[in-house]
Amino acid sequence: MEYTQEISTKMIQKLLKISQDAKNNTYCPYSNFRVGTALLCKDGTVITGVNVENASYGLTICAERTAICKAVSEGHTEFSAIAIASDLAKSFIVPCGACRQFLCEFGTDWDVYMTKPDMTYQHMKVGDLLPLCFTPKSLKEDRISNGHHNSLAVYKETPTKLSDKDKNGDICDQ
């Protein structure tokens with residue numbers, strides 16, 4: 001069972017401010033889309049993260065993942081909240097799909113504060129951001145054996161030779 005810690009209004013405001021300030025340390029020369037985070041660990045430690053872009057775009061790391069990687073490298077694996085900030089004036093910043101899954105790795109019942117520069121925010125639980133997430137618990141579920149699946153009813157399509165298909169991949173009558 002997951003533990004939910006009540007977070008005070010004062011702490012929420014502190015996280016919002018820290019996440020906004022963290023944006024000053026971003027490395028985003030390609031998108032100029034600054035994102036900062038403030039991750040609250042269960043022991044009260046606050047760890048910041050920023051997006052770090054790369055010329056090979058796929059290697060860019062988001063602020064949420066940066067903060068969690070920093071936290072884990074410092075011995076923290078239990079979190080109470082994360083505040084996320086950007087420069088979007090009219091929309092709350094939301095974590096991307098990869099970050100949502102990354103957050104779920106560390107539980108689904110902790111708080112996410114998605115902000116605007118004016119310090120307004122939208123609050124959700126991690127699990128609400130990605131309701132059908134894959135978690136460490138998923139790896140402990142019953143599974144079929146790794147070997148042959150003789151006990152399972154498996155639909156098998158009659159093998160088709162490549163020569164039996166036309167150039168569009170459709171089966172040809174012969």
Side-chain angles (χ1 to χ4, degrees), residues 1-54 56-141:
M1 179 178 241
E2 294 187 37
Y3 166 75
T4 304
Q5 178 182 355
E6 186 67 31
I7 300 170
S8 70
T9 302
K10 184 177 178 180
M11 177 54 80
I12 293 168
Q13 292 302 315
K14 178 180 175 180
L15 291 173
L16 301 181
K17 172 86 169 88
I18 292 170
S19 68
Q20 291 290 336
D21 291 345
K23 293 184 303 185
N24 295 323
N25 296 324
T26 61
Y27 180 76
C28 55
Y30 310 107
S31 72
N32 293 312
F33 192 85
R34 302 181 321 149
V35 181
T37 59
L39 178 66
L40 178 62
C41 302
K42 286 275 173 104
D43 70 357
T45 303
V46 176
I47 298 182
T48 60
V50 298
N51 54 319
V52 180
E53 294 183 346
N54 191 285
S56 175
Y57 297 134
L59 297 179
T60 293
I61 185 168
C62 300
E64 298 90 332
R65 288 182 279 154
T66 298
I68 289 178
C69 288
K70 283 175 59 179
V72 170
S73 72
E74 294 175 17
H76 303 281
T77 57
E78 295 182 333
F79 310 116
S80 300
I82 188 168
I84 310 163
S86 76
D87 295 324
L88 294 173
K90 296 182 181 183
S91 300
F92 295 105
I93 183 68
V94 297
C96 72
C99 285
R100 292 173 193 212
Q101 180 60 51
F102 211 82
L103 296 172
C104 286
E105 177 70 16
F106 298 94
T108 57
D109 192 30
W110 52 290
D111 299 303
V112 180
Y113 297 94
M114 299 158 286
T115 73
K116 291 187 209 175
D118 66 3
M119 301 291 281
T120 58
Y121 65 89
Q122 181 177 11
H123 168 251
M124 293 181 79
K125 293 289 187 182
V126 170
D128 294 331
L129 287 170
L130 190 62
L132 298 175
C133 58
F134 189 82
T135 66
K137 185 178 173 182
S138 303
L139 294 172
K140 295 179 180 168
E141 292 180 20

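Here the structure is a predicted model, which means the values were calculated and not measured. Positions are given from 1, in the same order as the sequence printed here.
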Checklist entry - Could you state the interatomic distance from OG1 (Thr135) to CG (Leu103), rounded to the nearest 0.5 Å? => result 13.5 Å
Item to check | Any Phe79 side-chain heavy atom under 4.5 Å of Asp111 side chain | outcome: no
Next on the checklist: Working to the nearest 0.5 angstrom, can you tell me the gap between Lys125 NZ and Thr108 OG1?
Outcome noted: 9.5 Å
Next on the checklist: Within the 4.5 Å heavy-atom criterion, are Met119 and Gln13 side-chain neighbours or not?
Outcome noted: yes
Item to check | Heavy-atom side-chain proximity of Met114 to Pro95 below 4.5 angstrom | outcome: yes
Checklist entry - From Gln122 CD over to Thr115 OG1, what is the distance, rounded to the nearest 0.5 angstrom? => result 11.0 Å
Item to check | OH (Tyr30) with more than 12 external heavy atoms under 6.0 Å | outcome: yes
Checklist outcome for this item: Scanning both residues in full, the closest heavy-atom pair of Arg100 with Leu129 reads NH1-O, 3.0 Å
Item to check | Closest heavy-atom pair and its distance - Arg65, Cys99 | outcome: NE-SG, 3.4 Å
Item to check | Nearest non-hydrogen partners of Cys104 and Pro136, listed with the distance | outcome: O-CD, 4.5 Å
Next on the checklist: Please evaluate residues Thr26 and Phe33 with respect to the criterion side-chain contact (heavy atoms from CB on, under 4.5 Å), reporting the C-alpha separation (whole Å), side-chain torsions for both, the decisive distance (0.1 Å), and the verdict.
Outcome noted: CA-CA 9 Å; Thr26 61; Phe33 192 85; over 6 Å; no
Next on the checklist: Show, in sequence, the C-alpha distance, side-chain angles and deciding distance for Val72 and Phe106, and conclude whether the side-chain contact (heavy atoms from CB on, under 4.5 Å) test is met.
Outcome noted: CA-CA 10 Å; Val72 170; Phe106 298 94; 3.8 Å; yes
Item to check | Non-neighbouring partners of Tyr121 that pass ring pair (Phe, Tyr, Trp, His ring centres under 6.0 Å), sequence neighbours left out | outcome: Tyr113
Item to check | Donor-acceptor contact present, side-chain Lys70 to main-chain Thr48, <3.5 Å | outcome: yes
Checklist entry - What is the distance from atom CG of Leu40 to atom CD1 of Ile7, rounded to the nearest 0.5 Å? => result 5.5 Å
Next on the checklist: Would Phe92 and Ile84 count as a side-chain contact (heavy atoms from CB on, under 4.5 Å) here? Give the steps.
Outcome noted: CA-CA 9 Å; Phe92 295 105; Ile84 310 163; over 6 Å; no
Item to check | Closest non-hydrogen atom pair between Ser86 and Val35, with its separation | outcome: CB-CG2, 4.4 Å
Item to check | Nearest atoms (heavy-atom pairs only) where Leu15 meets Ala83 | outcome: O-CB, 3.6 Å
Checklist outcome for this item: Taken in chain and number order and not counting sequence neighbours, the residues that satisfy side chain to side chain contact (heavy atoms under 4.5 Å, CB included) with Cys69 are Phe102
Item to check | Interatomic spacing from CG in Asn24 to CZ in Arg34 - rounded to 0.5 Å | outcome: 5.5 Å
Checklist entry - Cut-off 3.5 Å, side chains only: do Asn54 and Ser56 have a donor facing an acceptor? => result no
Item to check | Interatomic distance, Leu132 atom CG to Gln101 atom CD [nearest 0.5 angstrom] | outcome: 11.0 Å
Checklist outcome for this item: Heavy-atom closest pair (Gln20 atom, Lys116 atom, distance to 0.1 Å) is NE2-O, 3.1 Å
